[in-house]
Amino acid sequence: MTERIVLAYSGGLDTSVAIGWIGEATGAEVIAVAVDVGQGGESLETIRQRALGCGAVEAYVADASDEFADEYCMPTLKANALYQGHYPLVSAISRPVIVKHLVKAAREFGATTVAHGCTGKGNDQVRFEVGIQTLGPDLKCIAPVRDLALTRDKAIAFAEEKGLPIETTKKNPYSIDQNVWGRAVETGYLEDIWNAPTKDIYDYTATPEFPPAPDEVTISFEAGVPVAIDGVRVTSLQAIKELNRRAGAQGVGRIDVVEDRLVGIKSREIYEAPGAMALITAHKHLEDITIEREQARFKATVGQRWAELVYDGQWFSPLKRSLDAFIEDTQKYVSGDIRMVLHGGQAIVNGRRSETSLYDFDLATYDTGDTFDQSMARGFIELWGMSAKVASGRDIRVAGK
Ligand code: ARG
């Protein structure tokens, strides 16, 4: 029986050529699998037909947009996950859900190998292959760009020679990856890290310098997840989409960073994640009133570690799973409403309310009627400073000798 290979298919030039390229190099039949993670653009049926036109024996489209929002974006939100303090893990969280569908397709179609279109320099190859090793330990991996010398020039020549139904003349200088959680743009002119991004790079966000009138939005959360916007019930996917639209119109969520890839390279990245950044801001502010101080402080550390694990391709790892359990436990009381103003590139919270809030007006107030006994503070401070005071006494004593 002819060997079968499942290819992660985007519909672009590289993966379209990869279908025939893999076939010629290995003699295997290629099954193209496209996964909808809310990336927009062409219809998935168009993409499916193109895969068949490029020689795939089967082409399969998985609608994973709700699954991606519920099971990948929401955990990222609960963790307030920002890799290196900036990046909401847009591409990093899409790889595991794509892997899940690739492995599923490999089982269904009796494939022995999974292929993806990543280069050998990035994080995504690691995320794909570590994921596949975990979910399908018997499956092999192949990356035509990395392993079968499929360069851009060769891809164009191959497509033209074979008359593949794909545009080869449109030259996009950037490498772009996008889904409902955001958009990542890299390479080309951006590789000079002093170059400011040009306007044409952006797609999810409007220029924040000339914003429309301020847009006030109320986001309601239940147990850490957005459930309504301005009082209208929404699914997770709808919440992200609606905020992509409204925060995007205000230029919220543009990120320009040099980040540390897992493979040891520093790379310039432009991200736009209007919905994700608005949601993370709102969610964090709701946590500020609903999570107890020590739990909140520890959670910030956990969230950071969670982001690193996910960035590094460890979505299916035991440590990531354990951290999920901790984070989930902290979300029990993260319910209530956050009101924020979206304007000129910023999302600023200006009101919060929650039935499960820890904010106690009677303790906090400086007005009469305050229930806090200020006389207790003196003794507390005396004891709180004791340990450092004893040490400083020792320092003076030793220095004097
Ligand atoms: N650097 C980001 C990451 O590793 C984004 C990668 C985006 N991929 C791309 N082909 N542009 O998560």
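What's counted below: heavy atoms across the whole structure, side chains too, no hydrogens, waters or symmetry copies. Being a predicted model, the structure only gives us computed values, none of them experimental. For ligands, and for the atoms within them, numbers begin at 1 and follow the listed sequence.
Counting heavy atoms closer than 4.0 Å to ligand 1, residue Tyr83 contributes nothing at all. Counting heavy atoms closer than 4.0 Å to ligand 1, residue Val185 contributes nothing at all.
Ligand 1 has no atom lying under 4.0 Å from any heavy atom of Tyr174.
Closest protein heavy atom to atom 12 (O) of ligand 1: Tyr87 OH, 2.6 Å. Given atom 6 (C) of ligand 1, the protein heavy atom at minimum distance is Ser91 OG, 3.7 Å. The nearest protein atom to atom 8 (N) of ligand 1, hydrogens excluded, is given as Asp124 OD2, 3.3 Å; this is a heavy-atom distance.
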For ring pair (Phe, Tyr, Trp, His ring centres under 6.0 Å), just list the numbers for Tyr72 and Trp315, CA-CA rounded to whole Å, side-chain angles, deciding distance to a tenth of an Å, and then say yes or no.
-> CA-CA 10 Å; Tyr72 298 81; Trp315 181 272; 4.9 Å; yes
I would like to know whether Phe316 and Val130 meet side chain to side chain contact (heavy atoms under 4.5 Å, CB included); could you show each step before the answer?
-> CA-CA 9 Å; Phe316 298 107; Val130 169; over 6 Å; no
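Not a single N or O atom of Arg261, backbone or side chain, sits closer than 3.5 Å to an N or O atom of ligand 1. Any N or O atom pair closer than 3.5 Å counts here, and Glu269 shares at least one such pair with ligand 1.
Evaluated for a salt bridge (Lys or Arg N to Asp or Glu O under 4.0 Å) with Glu222, the options Arg233, Lys78, Lys332 yield exactly one hit, Arg233.
Annotation: the span from Glu108 atom CD to His101 atom NE2 amounts to 10.5 Å, rounded to 0.5 Å. For the atom pair OH (Tyr9) and CG (Asp14), the distance works out to 11.0 Å, reported to the nearest 0.5 Å.
Judged by distance alone, with hydrogens and angles left aside, the side-chain atoms of Arg339 form no donor-acceptor pair with the main-chain N or O of Glu216 at under 3.5 Å.
Selection from Asp260, Asn123, Thr187 by nearest heavy atom to atom 4 (O) of ligand 1 gives Asn123. When the heavy atoms of Gly182, Ser175, Gly313, Gly117 are ranked by distance to atom 10 (N) of ligand 1, first place goes to Ser175.
Atoms of ligand 1 lying under 4.0 Å from any heavy atom of Tyr271, numbered from 1 in the order shown and given with element: 1 (N), 2 (C), 5 (C). Which parts of ligand 1 touch Arg127 is read off a 4.0 Å heavy-atom cut-off, strictly below it: atoms 3 (C), 4 (O), 12 (O). Within ligand 1, the atoms closer than 4.0 Å to a non-hydrogen atom of Glu259 are 1 (N), 2 (C), 3 (C), 4 (O), numbered from 1 in the order shown.
A side-chain N or O of Thr112 and one of Glu3 form a donor-acceptor pair less than 3.5 Å apart.
In this structure, Asp177 and Arg95 have side chains that are in contact, with non-hydrogen atoms separated by less than 4.5 Å.
The side-chain tip of Arg261 does not point at the ring of Tyr311 from less than 6.0 angstrom away and within 45° of straight on.
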